[in-house]
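Everything below concerns the one structure shown next.
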Protein chains: 2
Amino acid sequence: MKANPTAHDVARLAGVSQSAVSRAFTAGASVAPATRERILAAARELGYRPNAIARTLITRRSRIVGLVMSYLENQFYPLVIERLSQALQRNGYHVLLFICETAEADAVLADILQYQVDGIVMASTTLSSGLAQDCAEAGIPVVLFNRVAQLGTLGGFATSSVTSQNREGGRLVGEMLVRTGHRRVAWLAGLENASTSLDREAGLRDALAEAGMGLHARAVGRYDFAVAREAVLALFRDPADRPDALFAANDHMAIAALETLRSELGLSVPQDVSVVGFDNVPQAAWPSFALTTVQQDVDRMVEATRDLLFEQIHGEVMARSVTVPCALVERGTVQTRKRER
Amino acid sequence: MKANPTAHDVARLAGVSQSAVSRAFTAGASVAPATRERILAAARELGYRPNAIARTLITRRSRIVGLVMSYLENQFYPLVIERLSQALQRNGYHVLLFICETAEADAVLADILQYQVDGIVMASTTLSSGLAQDCAEAGIPVVLFNRVAQLGTLGGFATSSVTSQNREGGRLVGEMLVRTGHRRVAWLAGLENASTSLDREAGLRDALAEAGMGLHARAVGRYDFAVAREAVLALFRDPADRPDALFAANDHMAIAALETLRSELGLSVPQDVSVVGFDNVPQAAWPSFALTTVQQDVDRMVEATRDLLFEQIHGEVMARSVTVPCALVERGTVQTRKRER
DNA sequence: CTGAAAGCGCTTACAG
DNA sequence: CTGAAAGCGCTTACAG
C-alpha cells in the first residue's frame, strides 16, 4: 500500500484514465454511475484522498479564508472564532487563523495572500490602505468584523464590514440611564480610534444630549482589563465627584470595572454606581456579575460575514456594509436613582 | 499591472529565467547578489508574491498545521490557540483551525489531510484508531494536547502527547486539602473517559488514601458550565451530608460551582465549603473568584507541542509523550478547618 | 552562478 | 461517457 496514492494509482487499479478519477470526485461531472462506483471502490482500497493543494492550484479556489485576530482574552472573540469557523465549515470552507497585533497585520496579510485564500475576515484588527489595495487588486474580498473602515484610511478602496448598530446600542443605554435617573454618567472608552468605541459613545452622547445632559467623565480602557482597572481608579478618585453610572465600551472592561469598584474601591454596584457593558459575553450572565449590557447578535453577524464573503467570492464584487440590530439586556447592575432636587 | 503576476512575469521584467526568480525567493539558493537585487526590484514593481500553494505541491511541505478543538467557552483553550498559533507563526508555520465535536473529528480529519498539512494538533478532541493509522501511514505527525491516547484505543499506533503532570497536580490539591483539615472531599469530574479528569482524580485519591481517607462524594460535570451546576446541586442536596471541599477537574467547572454554591445554595466559600479548580485561567484571578487552583504551564506545553511537531516533521519519527510540571496557586477559596474530634 | 526541462497532482476544454 | 493533452505556478536536479 503506497503512502500517498494519487489519482493515477487509482486510475490504474480501476482500469480507467486519470481524468475519470478526477471526475468521479467532482460533483456534477459526467461519469457513468458504474464507472464512478468502480473508481470509488478502488480509491477506498488505496486510501486515496484528492489533493486539495493541487486542486487549488488549478481551480484558483482554495476554499480557505484567512481570519485575523489580535487578542482572545475578551471572551467575545473566541465565540466569534467558534461560530464563524463552524459556519464556514458547513459550506466546505476552512479557516486559516492568524493572531497578531494591528502593527503586524500587514506582514501577516502578505503571508496570507501567498496561501491564495479566497477571502479574509479581520476581527479585532484593521488593515492598512496599502494592503486593502493589494487585496482589491488581487480580487480577494476582505470583510471587517465588528469594525468599520476609517474614512479615507483605506485609500478609497471600499471594504465590506459587519457591525452591530453600535450607535443605536449606545443610545439605548443612554436613554435607559437617563430614564432611571442617572445624572453623572461616565464613559469608559475602548480604543480611541476604534469605530465600535466611537459609535457607542456617540449614541450615548445623543441620548444624554436629548435630556440636556453631557458626559460627566470619560476615560480610556483600551479594551484591556488592566488598563480599564486604572481608568476606573482615576474616574473614581475624587469621592465628591463620583459618577453615578459607568458605561464601558465592552463587557470585558465592564467586568474589570465591577471588580475594581467592589474589591478595590469598596463601592457597591448598583447601590453606589450603576455599570453597563456591551457584547453580552457568557460571563455577563454569571450571578457574580449579572451585568446589564447590550447584546451583540453573534450569529447574525457571522451569517452576514459568510454571506458577504461568498457573494464577493462568487463574483458580485461590490463591497457592502451590513449592520445588525442589538438589544439591551437588563440584569442587575443598574439601579433607579431618586432625582436630587 | 497584472492582477496576479507569476514568477514568469518577474523573470521577463528582470531579464532572467523563471528559475532564477525562484532562487531569489528561496533562502540559501545560489544566485548572484546583483541578480537577486534586480529580481527583487522587479518583483516589487509588479507586486509579485510567490504562490505558496504551488510551492507546497512540489516541496510536499505546506507549512500548515491543523488544529482541532471542540469548544472555546472554557477560557483555557483560547489561550492555547493564541499561544500556539503565535509560536507556530514565529517559525513560519500557519494554523488551519477546525472546531468540531469529537464525534465529527474523523470527517474533519479527512478534510484536513486533503490540505496536506504537515502536522496535526488535537486539543479537546481525540481521534479514532482508524484516523491515527491513516495519519501514521501518510507520515503526518499528530500530537494530542492536554490529553493522552487511551491505551489500545489508537490501535497500537503511537501518538505523541503533551500534558501537565495531572496526577501530581491532583495529588498536590489532595495533600493541601488534607493538611488544611478537610474530611469530606468531593470530586467534580470532567468527562468520564478524559485522561485529564482521570489522572487528576487518581492523584487526589492517592493523597486522600495516604491520609486514610476516601472520596466523600463524586459527580460528573462534563467540563460544561450548566452540567457542572447540576452536579453541584446534587452534591449539596443533603445538608446533613455536605462536602467540606470540592475539587473540580477544571477552573471552568470550579467557577460554575462557586456561582452555584453562593447564589443558589446560599453557601459561603470558603467558610462553608472550600473550592479548588485546575488550569489557572485568567478569570481565576479575578477578585470575585480568587480561586485556588493548579496552574497549567501553557507556555511550556505550547513549546513542547511545537518541538514535538517539528522533530517529527523533520524526520525523527518516534512519537513521544511529554509531561509538564504544574503548580498549586493558593488564593482565597480554601479555608483551614478545625479537626472535629 | 544560470537556464532549460521535468514534474508535483490535479482540472478542464477538446475530440471522439 | 471517456481519454489524451495542456497547464496551474512553482522547485530542483542537471548541464554548462
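Here is how names work: the chains are called A, B, and so on, in the same order as the sequence lines, proteins then strands, and each is numbered from 1.
- Computed from coordinates, the B:His8 NE2 to C:dG3 P distance equals 12 Å when rounded to whole Å.
- Within the 4.0 angstrom heavy-atom criterion, only backbone atoms of the sugar-phosphate kind lie near B:Thr26; the bases stay farther away.
- Exactly one residue among A:Leu96, A:Ile81, A:Leu84, A:Leu88 makes a side-chain contact (heavy atoms from CB on, under 4.5 Å) with B:Leu97. That residue is A:Ile81.
- The distance from atom OH of B:Tyr115 to atom C1' of C:dC10 is 14 Å, rounded to the nearest whole Å.
- Across all strands, A:Tyr48 comes closer than 4.0 Å only to sugar-phosphate atoms, never to a base (heavy-atom distances).
- Of the candidate nucleotides C:dC10, D:dC8, D:dT2, D:dT2 has the atom nearest to the side chain of A:Val31.
- Closest to the B:Arg23 side chain, of the nucleotides C:dG7, C:dC10, D:dC14, is D:dC14.
- Among the atoms of the strands shown, only primed sugar atoms or phosphate atoms (P, OP1, OP2) are found under 4.0 Å from some heavy atom of B:Thr59.
- Taking a pair to require two hydrogen-bonding distances under 3.5 Å in either a Watson-Crick or a G-U wobble arrangement, C:dA13 remains unpaired.
- Within the 4.0 angstrom heavy-atom criterion, no nucleotide atom of any strand lies near A:Val21.
- Of all nucleotides listed (C:dA5, D:dC10, C:dC10), C:dC10 comes nearest to the side chain of A:Thr6.
- Residues A:Gln18 and B:Ile53 both approach DNA chain D. Their nearest nucleotides, taken by heavy-atom distance, put A:Gln18 toward the 5′ side.
- Where A:Ala29 and B:Ala54 meet DNA chain D, the nucleotide closest to each residue was compared, and A:Ala29 sits on the side nearer the 5' end.
- Minimum atom distance to the side chain of A:Ala32 is reached by D:dT2, of the listed C:dA4, D:dC10, D:dT2.
- Between B:Tyr71 and B:Tyr223, the gap from one ring centroid to the other reaches at least 6.0 Å.
- Each of B:Ser30 and B:Leu57 lies near DNA chain C, and the nucleotide nearest B:Ser30 is the one positioned closer to the 5' end.
- B:Thr35 comes within contact range of the sugar-phosphate backbone alone, with a heavy-atom separation under 4.0 Å but no base atom that close.
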> Are A:Gln116 and A:Thr56 close enough, and set up right, to give a side-chain hydrogen bond (donor to acceptor under 3.5 Å, both in side chains), and what steps lead you there?
Replying inline: CA-CA 8 Å; A:Gln116 315 298 112; A:Thr56 294; over 6 Å; no

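- Interatomic distance, A:Arg23 CZ to A:Ser17 OG, rounded to the nearest 0.5 Å: 6.5 Å.
- Although no hydrogens or angles enter the test, the distance criterion places no donor-acceptor pair under 3.5 Å between the side chain of A:Arg83 and the main chain of A:Val302.
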